[in-house]
2 protein chains.
Amino acid sequence: MFTFSEENYLKAIYHLERDFIKGISTNAIAKKLETKASSVTDMVKKLSEKKLIIYKKYQGVTLTDFGKKTAANIVRKHRLWEVFLVEKLNFSWDEVHDVAEQLEHIKSPKLIQQLDSFLGFPTHDPHGDPIPDKEGNLKIIEKSLLSTLLKNESGICIGVNDSSSEFLQFLDKKGITLGKLITVLEKEDFDDSLLIKIAQQKFSISKKIASNLYIQKQ
Amino acid sequence: MFTFSEENYLKAIYHLERDFIKGISTNAIAKKLETKASSVTDMVKKLSEKKLIIYKKYQGVTLTDFGKKTAANIVRKHRLWEVFLVEKLNFSWDEVHDVAEQLEHIKSPKLIQQLDSFLGFPTHDPHGDPIPDKEGNLKIIEKSLLSTLLKNESGICIGVNDSSSEFLQFLDKKGITLGKLITVLEKEDFDDSLLIKIAQQKFSISKKIASNLYIQKQ
DNA sequence: AATTATATTTAGACAAGACTAAAAATTTAT
DNA sequence: ATAAATTTTTAGTCTTGTCTAAATATAATT
Ligand SMILES: [Mn+2]
Ligand SMILES: [Mn+2]
Ligand SMILES: [Mn+2]
Ligand SMILES: [Mn+2]
């Protein structure tokens, strides 16, 4: 078993590898965890000794298969707990992340197995992110940023790129929730804003919003 | 907010105060937490500075009102989680304690409030122990050890004194569960064993068993 | 009341995880 | 190819929580 801190580093590296392939830099990890590079160097040595990552000085780190599986399991727990909080305890999707950051460290295989079953074996969390299975595999769904859609294209809203409270609350206010159909009516060349239609409503959204929403094209 | 370790010390003192009134000794705490007396002395100074306990050298410690409320809240969380695990996730009553020891440290008032509501505002945990309310108060139920019942007296089984897995599994095996009516048919002077009747079954149990079962006399 | 035994505290050390400041390696720019 | 800028590592310190061994206080015996 690993400490909370070790688990948080693993998870950070796991997420960074999804975004930028291999050789995650010390600074990237430090930035993600809001800590100092020197602290990262220390921890990275520890994780390396435990065979969770490959680390060579000045070369960045890469998760081993063992590390990847361990990290995926933490992400699995995080996302299952997020589903629980929304589905069973009436949390809104912008309130769950911080609590899940704590719950993801609870050690009990039976707990997660039973929670998974209790929730009906969900495949995605409240933000549309896939939940890794017991082996750590996750099925990747074809998705596009709303900002890449062309005029008159449409698709289902299936996830968010930014899951900060502010952004999620903004989406709530606009009535943009997962599962809804969005159609691009106009693209404005000047500022890349979009005029969209969603559930009979028409309004325009900025490029920044559009590049934080994932769409499954129809 | 307090660290896991601080919370564990608080909880230990809280439980010890239920058993032996005031002035909890360093050694008693050390024994309960399976740690060394010198570690207790260190922590006790910290808790005292934080106004959670009253501590005078060589005099033992006593919870302040603040400390009592804080400790009761941890116990509240522990017991609510135990109910959740048994009622919703199909854990048996001998499997929940260790997981609850972890879950009790999750910090989120909303989580506990919603969990309480989700569970239907339970008043007792799976072992028959009362769940403190938000203010830390718990209603004490009149209860007697089965070993104190006289011949031909009977009552409802409402709790356990020892909640180790071994004991709980033994009770399961014998069909002794909370809510069942138990009648004392015979008391054996020689070894203080009891012949009891429970749900049409008659069998004898040792003094040790009888002094770890709480009964509500009828 | 003095002695012995027990309980408690102090002193000093250690591991984990973090930080600052300085040194070394690597990358970028000239 | 050198110099400058950036990244990464090292060295040393700090806090939390633990431990052992030694010192001191309290309690129990004779
Ligand atoms: Mn999250
Ligand atoms: Mn999520
Ligand atoms: Mn328990
Ligand atoms: Mn219990």
Side-chain angles (χ1 to χ4, degrees), chain A residues 1-14 16-17 19-63 67 70-71 74 101-102 104-105 107, chain B residues 1-14 16-17 19-63 67 70-71 74 101-102 104-105 107:
Chain A
M1 284 310 121
F2 305 104
T3 66
F4 283 22
S5 194
E6 288 169 337
E7 291 189 343
N8 284 334
Y9 275 92
L10 273 183
K11 193 162 54 99
I13 298 166
Y14 178 84
L16 288 166
E17 280 195 353
D19 299 349
F20 317 95
I21 343 236
K22 300 285 144 117
I24 305 304
S25 75
T26 302
N27 264 4
I29 299 168
K31 190 174 177 186
K32 181 139 228 170
L33 291 175
E34 295 179 40
T35 184
K36 294 296 148 80
S38 55
S39 307
V40 174
T41 302
D42 284 347
M43 179 57 86
V44 134
K45 287 176 183 168
K46 236 176 293 176
L47 296 178
S48 175
E49 271 170 26
K50 297 189 178 184
K51 310 289 182 199
L52 290 160
I53 61 177
I54 304 293
Y55 164 65
K56 283 203 213 82
K57 275 190 193 177
Y58 298 99
Q59 303 296 122
V61 304
T62 308
L63 288 170
T70 306
I74 301 163
E101 285 287 302
Q102 299 178 63
E104 71 189 5
H105 301 294
K107 272 92 176 167
Chain B
M1 284 309 123
F2 305 103
T3 65
F4 283 23
S5 194
E6 287 169 338
E7 291 189 345
N8 285 334
Y9 275 91
L10 272 182
K11 191 161 56 101
I13 298 166
Y14 179 84
L16 288 167
E17 280 195 354
D19 300 349
F20 316 95
I21 342 248
K22 300 286 144 118
I24 305 303
S25 76
T26 302
N27 264 3
I29 299 168
K31 191 175 177 186
K32 181 138 227 170
L33 292 175
E34 295 177 36
T35 184
K36 295 296 148 81
S38 54
S39 307
V40 174
T41 302
D42 285 346
M43 179 57 86
V44 133
K45 286 176 184 168
K46 236 177 293 177
L47 296 178
S48 175
E49 271 170 26
K50 297 189 178 183
K51 308 292 182 199
L52 289 159
I53 60 176
I54 304 293
Y55 164 65
K56 282 204 214 83
K57 274 189 193 178
Y58 297 100
Q59 302 295 123
V61 304
T62 308
L63 288 170
T70 305
I74 301 163
E101 286 286 302
Q102 299 178 63
E104 71 190 4
H105 301 293
K107 271 92 175 167

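FYI, side chains are in, hydrogens and waters are out, and symmetry mates aren't considered; it's all heavy atoms of this structure. All figures in this text were calculated on a predicted structure; none of them were measured in a lab.
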Peer 1: So A:Ser39, base contact, sugar-phosphate only, or nothing? Heavy-atom distance under 4.0 Å.
Peer 2: base

Peer 1: I need the NZ-P distance between A:Lys36 and D:dC14, as an integer number of Å.
Peer 2: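 One finds 17 Å between P of D:dC14 and NZ of A:Lys36, rounded.
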
Peer 1: Is the distance from OP1 or OP2 of D:dT16 to the nearest side-chain N or O of B:Lys46 less than 4.0 Å?
Peer 2: no

Peer 1: Please examine the side chains of B:Thr3 and B:Tyr9, heavy atoms only from C-beta on, and report whether any two atoms are closer than 4.5 Å.
Peer 2: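 B:Tyr9 does not reach B:Thr3 side chain to side chain.
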
Peer 1: So A:Phe4 and B:Phe4, would you call those rings parallel, tilted or perpendicular, with 30° and 60° as cut-offs?
Peer 2: perpendicular

Peer 1: Are the side chain of A:Glu17 and the backbone N or O of A:Leu63 linked by a donor-acceptor pair below 3.5 Å?
Peer 2: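 Such a contact is found between A:Glu17 side chain and A:Leu63 backbone.
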
Peer 1: For A:Phe4, report the nucleic acid contact type (base, sugar-phosphate, nothing); a contact means any heavy atom under 4.0 Å.
Peer 2: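 Nothing, no nucleic acid heavy atom in range.
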
Peer 1: Could you run through nucleotides 1-11 of chain D and give me one letter per nucleotide, 5' to 3': B if any protein heavy atom sits under 4.0 Å from the base, S if only the sugar-phosphate is that close, - if neither?
Peer 2: ------SSBB-

Peer 1: Within this structure, what is the CE-to-P distance between B:Met43 and C:dT9, rounded to whole angstrom?
Peer 2: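 Interatomic distance, CE of B:Met43 to P of C:dT9: 15 Å.
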
Peer 1: Please identify each residue that fulfils salt bridge (Lys or Arg N to Asp or Glu O under 4.0 Å) with A:Lys50, with sequence neighbours left out.
Peer 2: A:Glu6

Peer 1: Without decimals, in angstroms, what is the distance between B:Asn8 CG and D:dT18 C1'?
Peer 2: 14 Å

Peer 1: Check whether any side-chain N or O of A:Thr3 sits under 4.0 Å from OP1 or OP2 of C:dA16, and answer yes or no.
Peer 2: no

Peer 1: Within the structure, does a side-chain N or O atom of B:Ser5 lie under 4.0 Å from either OP1 or OP2 of D:dT18?
Peer 2: yes

